[in-house]
Amino acid sequence: MLREIAVENYTDIPKALAAGADRIELNDNLAVGGTTVSKGVMAESAKYVHEHGRSLVTMIRPRGGNFVYNDTELKIMEADLFEAQALGVDGVAFGALLPDGTIDEDAMTSLIAASAGMSVVFHMAFDAIPETKQLAAIDWLAAHHVDRILTHGGPLSTPIETTLPHLQALIAHAAQKQITILPGGGITSQNAATISEQLGVKELHGTKLIAF
């Protein structure tokens, strides 16, 4: 099972890799769900992770709060994507929505274009999309070459054991579209094996998937 560990800043990367992390998701300010780190942090993180034969995904999010971005914020995100690309980051995680909770297709098209050469993850903004529109969102993301969707299967305030049935439905639909559902939020080293088995997935995401 591939274990993607979300870390805050550079500090925890050496410990996470030593404890067996397979992939790192690099964030600043995890208290608000993660934002973009500085260029310096991104550079040192990419260097260290690659020296240890693992891969790095970096969060591209200019602030906490909702995922409805204005033109200036989108310009900031594009600039950060170009920095990540220049530094050899393997993957980037971002998401942009319209006020009605559906995908901001214009914004996402531009951000995906700026991510050339890196894998693209649509992060937990997915959980803010109305459930009735999530399958259509999967279709759109798959058609636009997004590699993975990070989702809890519902609000983060809901235990993941409760969201498993919805996650199973998302995984089944995504499999037909050749896009990966990456479950996250509330997955720990204690429940990871059970959740992986119940969902039939080979990748999990979390801050506590391994002890370090």
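Under a 3.5 Å cut-off, the side chain of Ser45 and the backbone N or O of Val41 do form a donor-acceptor pair. Distance alone, capped at 3.5 Å, places no donor-acceptor pair between the Thr188 side chain and the Lys208 backbone. With hydrogens and angles ignored, the 3.5 Å screen pairs no side-chain donor or acceptor of Asn9 with any backbone N or O of Thr11. Checking side-chain atoms of Asn191 against main-chain N and O of Gly186 turns up a donor-acceptor pair under 3.5 Å. A side-chain donor-acceptor contact under 3.5 Å links Arg61 to the backbone of Gly34. The main-chain N or O of Gly154 is never found under 3.5 Å from a side-chain atom of Thr158 such that the two would form a donor-acceptor pair. Of the possible polar contacts, none joining the Thr58 side chain to the Val92 backbone as a donor-acceptor pair under 3.5 Å is found. The backbone N or O of Glu73 sits less than 3.5 Å from a side-chain atom of Asn70, completing a donor-acceptor pair. Formation of a donor-acceptor pair under 3.5 Å by the Asp90 side chain with backbone atoms of Val57 is not found in this model. With hydrogens and angles ignored, the 3.5 Å screen pairs no side-chain donor or acceptor of Asn27 with any backbone N or O of Glu8.
Contact between Ala137 and Ile103 at its shortest, heavy atoms only, is CB-CD1, 3.7 Å. Considering every non-hydrogen atom in both Tyr48 and Pro14, the closest pair reads OH-CB, 3.5 Å. Contact between Leu209 and Ala192 at its shortest, heavy atoms only, is CD2-CB, 3.7 Å. Heavy-atom minimum distance, Leu199 versus Pro183: CD1-CG, 3.7 Å. For Gly185 against Leu156, the heavy-atom pair with the smallest separation is CA-CD2, 3.9 Å. Taking all atoms of both residues into account, the shortest heavy-atom contact from Gly20 to Arg3 is O-NH2, 3.0 Å.
Note: Phe122 and Phe126 have perpendicular aromatic rings, judged against thresholds of 30 and 60 degrees for the angle between ring planes. The aromatic rings of His123 and Phe67 sit tilted relative to each other, their planes meeting at an angle between 30° and 60°.
No path of Ile, Leu, Val, Met, Phe, Trp and Tyr side chains, each step under 4.5 Å between heavy atoms, connects Val68 with Met77, placing them in separate hydrophobic clusters. Taking hydrophobic clusters as Ile, Leu, Val, Met, Phe, Trp and Tyr residues chained together by side-chain heavy-atom distances below 4.5 Å, Phe94 shares a cluster with Leu87. Under a hydrophobic clustering in which Ile, Leu, Val, Met, Phe, Trp and Tyr are joined whenever their side-chain heavy atoms come within less than 4.5 Å, directly or via other members, Ile195 and Ile5 fall into the same cluster. Under a hydrophobic clustering in which Ile, Leu, Val, Met, Phe, Trp and Tyr are joined whenever their side-chain heavy atoms come within less than 4.5 Å, directly or via other members, Phe82 and Val37 fall into different clusters. Residues Leu204 and Ile149 share a hydrophobic cluster, clusters being chains of Ile/Leu/Val/Met/Phe/Trp/Tyr side chains in contact below 4.5 Å.
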| Do Met59 and Thr35 pass the side-chain contact (heavy atoms from CB on, under 4.5 Å) test, and can you show the C-alpha distance, the side-chain angles, and the key distance before you say yes or no? | CA-CA 6 Å; Met59 176 68 71; Thr35 57; 5.6 Å; no
| query | Could you walk me through whether Gln134 and Leu170 pass the side-chain contact (heavy atoms from CB on, under 4.5 Å) check? | reply | CA-CA 8 Å; Gln134 287 182 350; Leu170 296 176; 3.8 Å; yes
| query | Going through the distances and angles, do Leu2 and Lys202 end up as a side-chain contact (heavy atoms from CB on, under 4.5 Å)? | reply | CA-CA 6 Å; Leu2 187 150; Lys202 297 179 181 179; over 6 Å; no
| request: Assess whether side-chain contact (heavy atoms from CB on, under 4.5 Å) is satisfied between Val146 and Ile112, documenting all intermediate values. | output: CA-CA 8 Å; Val146 172; Ile112 291 166; 3.8 Å; yes
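Within a 6.0 Å radius of CG in Asp71, other residues, nucleotides and ligands contribute 12 heavy atoms or fewer. Taking a 6.0 Å sphere around CG of Asn66, one finds it holds more than 12 heavy atoms contributed by other residues, nucleotides or ligands. At most 12 heavy atoms of other shown residues, nucleotides or ligands fall within 6.0 angstrom of atom NE2 in His145. Counting non-hydrogen atoms of other residues, nucleotides and ligands closer than 6.0 Å to CD of Glu197 gives a total of 12 or fewer.
At a threshold of 4.5 Å between non-hydrogen side-chain atoms, the residues Ile129 and Thr102 do not count as touching. At a threshold of 4.5 Å between non-hydrogen side-chain atoms, the residues Asp139 and His173 count as touching. Between Met42 and Thr36, the closest side-chain pair of non-hydrogen atoms falls below 4.5 Å. At a threshold of 4.5 Å between non-hydrogen side-chain atoms, the residues Ile210 and Ser189 do not count as touching.
Atom CD1 in Ile160 sits 5.5 Å away from atom CG in Leu167 (nearest 0.5 Å). Note that CD1 of Ile171 is 13.0 Å distant from CD of Gln176, once rounded to the nearest 0.5 Å. Annotation: the span from Asp106 atom CG to Asp104 atom CG amounts to 6.0 Å, rounded to 0.5 Å. Distance check, rounded to the nearest 0.5 Å: CE of Met124 to NE2 of His152 gives 7.0 Å. Atom-to-atom distance recorded for Met108:CE and Tyr69:OH is 10.5 Å, nearest 0.5 angstrom. The distance from the CD1 atom of Ile179 to the CG atom of Leu141 is 5.0 Å, given to the nearest 0.5 Å.
For Asp22 and Arg54, the salt-bridge test fails: no basic side-chain N is under 4.0 Å from an acidic carboxylate O.
Residues passing the side chain to side chain donor-acceptor pair (under 3.5 Å) test with Glu4 are Arg23, His205, sequence neighbours excluded.
Thr151 and Asp127 share a donor-acceptor pair across their side chains, judged by distance under 3.5 Å alone.
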